[in-house]
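Right, one structure below, let's go through it.
Keep in mind that what you see is a predicted model, and the values were worked out from it rather than measured. Note that these values count all heavy atoms, side chains included, but never hydrogens, waters or copies made by symmetry. Heads up: numbering here begins at 1 and tracks the sequence.
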Amino acid sequence: MNGTHGEEAEERRAEIVAAARRLFESRGYDDVTMNEVVADLAVAKGTVYHYFRSKEELLEAVVTDIVKQATERMRQVVEAADGGPVERLAALVSAGRVAGENEQVLHHLHRSQNAGMHTRLLAVAIELQAPLYAEVLREGTEAGAFQVDHPLEAAEFLLSGIQFLTDEGVAPWSPETLTRRARALPALAEQLLGAPEGSLAFLIAPARASD
């Protein structure tokens, strides 16, 4: 009985998040009210507020859902990718890009007043996605393409640098600073991973879970 009730609660929560994500993306976060989310779902107002006390909480759930969806896509890419470790890493980076399909939602996180939420969600992305990168780094080290003694930690440091230092939504980095860091990223990653010079040039346009 309790299991069924829990499943129903999870399904209801997922329905609310899906509705909010659809409305936020189609109309923009600022132009959607909680009442409109309620109306879209055709449920009692208290049902939505039972799961989410504010629109900000709902936004956080929506973005977390985006990160989880991207991570699952990345997992599928890793399992299906052909080629060597470098090609698999490039495929993983490409699969992590989510900006185009979630532009309206993620644009809101780039506002200065949302820096705290943005940072928390970048941390979630690192926690979920670093193990996928670590798997590729571990396999690449065994194949001789990389030289990494601590694959998970190397993945965490690499993703942290990308997520926090090349994302204009975290802090008001100047365009010059962002360009400088982006240009240096491939060479720094090659040094960290023990990869051949020039092999990670695709990182010049880094993937970000919130981008």
>> Between E10 and R13 (salt bridge meaning N to carboxylate O under 4.0 Å), is one present in this structure?
In response: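 Answer for the salt bridge query: no.
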
Any donor-acceptor N/O pair, [X] side chain to [Y] backbone, under 3.5 Å:
{"X": "E156", "Y": "I126", "value": "no"}
{"X": "T64", "Y": "E60", "value": "yes"}
{"X": "S26", "Y": "L23", "value": "yes"}
{"X": "Q76", "Y": "R73", "value": "no"}
{"X": "R181", "Y": "T166", "value": "no"}
{"X": "S199", "Y": "A195", "value": "no"}

> Run the side chain to side chain contact (heavy atoms under 4.5 Å, CB included) check on Y49 and E57 step by step: do they pass?
Replying inline: CA-CA 10 Å; Y49 280 95; E57 279 194 7; over 6 Å; no

Give, for atom [atom1] of [X] and atom [atom2] of [Y], the distance between the pair rounded to the nearest 0.5 Å.
{"X": "I66", "Y": "E25", "atom1": "CD1", "atom2": "CD", "value": "7.0 Å"}
{"X": "L203", "Y": "L188", "atom1": "CG", "atom2": "CG", "value": "10.5 Å"}
{"X": "L165", "Y": "T177", "atom1": "CG", "atom2": "OG1", "value": "10.5 Å"}
{"X": "K55", "Y": "E36", "atom1": "NZ", "atom2": "CD", "value": "8.5 Å"}
{"X": "R27", "Y": "R22", "atom1": "CZ", "atom2": "CZ", "value": "11.5 Å"}
{"X": "F157", "Y": "I162", "atom1": "CZ", "atom2": "CD1", "value": "14.0 Å"}

Whether over 12 other heavy atoms sit under 6.0 Å from [X] [atom1]:
{"X": "R180", "atom1": "CZ", "answer": "yes"}
{"X": "Y51", "atom1": "OH", "answer": "yes"}
{"X": "N35", "atom1": "CG", "answer": "yes"}
{"X": "E127", "atom1": "CD", "answer": "no"}

Can you see which heavy atom on [X] is nearest to which on [Y], and at what distance?
{"X": "L132", "Y": "T71", "result": "CD1-O, 3.6 Å"}
{"X": "L185", "Y": "L158", "result": "CD1-CD1, 4.3 Å"}
{"X": "E190", "Y": "E197", "result": "OE1-CA, 3.5 Å"}
{"X": "A125", "Y": "Q163", "result": "CB-NE2, 3.7 Å"}
{"X": "Y133", "Y": "M74", "result": "CE1-CE, 3.6 Å"}
{"X": "V62", "Y": "V17", "result": "CG2-O, 3.8 Å"}

Which pairs of donor and acceptor atoms, one on a side chain in residues 137-154, lie under 3.5 Å apart (sequence neighbours left out)?
{"from": "E139", "atom 1": "OE1", "to": "R88", "atom 2": "NH2", "distance (Å)": "2.9"}
{"from": "T141", "atom 1": "OG1", "to": "L137", "atom 2": "O", "distance (Å)": "2.9"}
{"from": "T141", "atom 1": "OG1", "to": "V148", "atom 2": "N", "distance (Å)": "3.3"}

>> Quick check: do F24 and D31 have side-chain heavy atoms less than 4.5 Å from each other?
In response: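 Not in contact.
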
> Looking at side-chain heavy atoms only, is the closest gap between Q129 and L92 below 4.5 Å?
Replying inline: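 No, every pair of side-chain atoms sits at 4.5 Å or beyond.
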
>> With side chain to side chain contact (heavy atoms under 4.5 Å, CB included) as the criterion, how do D82 and E87 come out once you've worked through the C-alpha distance, each side chain's angles and the decisive distance to 0.1 Å?
In response: CA-CA 8 Å; D82 295 322; E87 289 75 19; over 6 Å; no

>> Test side chain to side chain contact (heavy atoms under 4.5 Å, CB included) on L89 and L200; report intermediate values, then the result.
In response: CA-CA 9 Å; L89 183 60; L200 304 184; 4.0 Å; yes

>> Could you go through F52 and V37, starting from their C-alpha distance and side-chain angles, then the distance that decides it, and tell me whether this counts as side chain to side chain contact (heavy atoms under 4.5 Å, CB included)?
In response: CA-CA 11 Å; F52 302 100; V37 175; over 6 Å; no

> Side chains of R21 and Q69: is there a donor and an acceptor less than 3.5 Å apart?
Replying inline: yes

>> Starting from V136, can I reach V77 by hopping between I/L/V/M/F/W/Y residues whose side chains sit under 4.5 Å apart?
In response: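 Unlinked, V77 and V136 end up in two clusters.
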
